[in-house]
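The sequence lines fix the lettering, A, B, ..., with proteins before strands; numbering per chain opens at 1.
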Number of protein chains: 2
Amino acid sequence: MITLYDLPTLSGDPSSSPFAVRIRFALRIKNLPFTTRFVEYNEIAAAAKEIGAPPTGVRQDGSPKYTVPMIYDSETKTAVADSLLIAKYLDRTYPDSGPTLVPDDTEILQNFFASDTSFTFLTPLYPLLRVGVFRKISPSMQKQYVNIGPPFDPHEKFDEKEMAEKWAQVEATLRKMDGVMGSRDTLGKAKEPTFADTALGANLLLIRYVVGADSPEWKALMLWHNGRWGKYLDWLENYGINPVKMS
Amino acid sequence: MITLYDLPTLSGDPSSSPFAVRIRFALRIKNLPFTTRFVEYNEIAAAAKEIGAPPTGVRQDGSPKYTVPMIYDSETKTAVADSLLIAKYLDRTYPDSGPTLVPDDTEILQNFFASDTSFTFLTPLYPLLRVGVFRKISPSMQKQYVNIGPPFDPHEKFDEKEMAEKWAQVEATLRKMDGVMGSRDTLGKAKEPTFADTALGANLLLIRYVVGADSPEWKALMLWHNGRWGKYLDWLENYGINPVKMS
């Protein structure tokens, strides 16, 4: 059985990390059962050392940086951290369990897409997303979250007119993505989702997580581009022989 | 024989269009001989109609927009415009002539890379690039060039300290790209260049075109990241059985 290490929420949402959501999608696409273990920021390093997951980077002070998602696979007694490396591990270890998430000739392009292009439509929303995530995590996580990434004001009120312009920018960027994807379901082969799809799907879900599925903003987004993004998320969440609900 | 339609320069450089440079690379990678026909901006539409190349977009006033690169292949009596569509045409028409530039499962990711990620490191240099291209084209092209894209001052002088900061940003972005590419030569399979490589190579050459191969800026860039980018361009320019000089 695979254990996914993820960041908890106070809101009933399954995750507050879009990087861990990639692996929720990936495990479902691969038809692999899993359990989740939630760890707050200050518990990640200890959990990583416990299972033997390596750091994924280095902090400014030179100390090792541990991050979620991490997985521990009790079948192979293997720990893996970093969403791309986890996807590659699942391909290698369970080659017949579902589509190949990272075909060899696409690895570098997928890595660029996942770390760059898949975020472009979120850029105008960054302050809103920061505040939105802040409000959905525990007080102990909040204390650390304010120190992650660029500074932000957790009590910021957003000007309605300004936000309408930001949403128009999001729409314009997603319209371009819609154009590039054309009639295909996926960023990869005609009918099989890839690691890049899990990144795009997770970043779309980050918006839903912050504004809520019932908000006018999310409902509007679901109507853009002939309903493409709703259909895209449905397809991703229900892909495979044993589709499982995201939560 | 294939004719490539390209934008002329006054400087002896082979092209002033990074999009046409992609196809210069692509034709060499495919080992296909070609001749170049240079057309100024105001000659592109007539040339396109002459060979039957379709528009690649629509202007704000609703009229069709014609762009270079375009190719005319006299063997097949076919005209193609748009760099990605030309690469796909070459794959389809000359499948055994060199590596596949756009393998099926990579088309969307390559399109994103070519239209988005491959430009990211150029962003801090945009005003410099605009002025640099302006200085290398004919007075008649200059008159139209000032109206293409965002406004710029063709007589702008660049502050030395400010430019040093911009180049540091370019270095930081290329350092990340170097990290993603790792020890691989290419953005695709281990040893074969792809369409995405032609885009990245063309954007690197745009810097060389503007600042000059003998400039301290270009010489510095050639030393970054263990000389990766110089080696990368050499590899791209000399790929194939019949490497041909870019000019």
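Distance CE/M177(A) to CG/D116(B): 8.0 Å, rounded to 0.5 Å.
Neither the backbone nor the side chain of T194(B) comes within contact range of chain A; no heavy atom of the residue lies under 4.5 Å from a heavy atom of that chain.
Ranking T106(B), V180(B), T117(B) against chain A, the residue ahead of the rest is V180(B), based on heavy-atom pairs under 4.5 Å. For the set T120(A), L187(A), N111(A), the entry with the most heavy-atom pairs within less than 4.5 Å of chain B is L187(A).
Of all heavy-atom pairs spanning Q110(B) and L109(A), the tightest one is CG-CD1, 3.5 Å. In terms of heavy-atom proximity, R184(A) sits nearest to D104(B) at NH1-O, 3.6 Å. Taking every heavy atom of both residues into account, I108(A) and T186(B) meet most closely at CD1-O, 3.2 Å.
Annotation: N226(B), atom CG; neighbour count of heavy atoms from other residues, nucleotides and ligands within 6.0 Å does not exceed 12.
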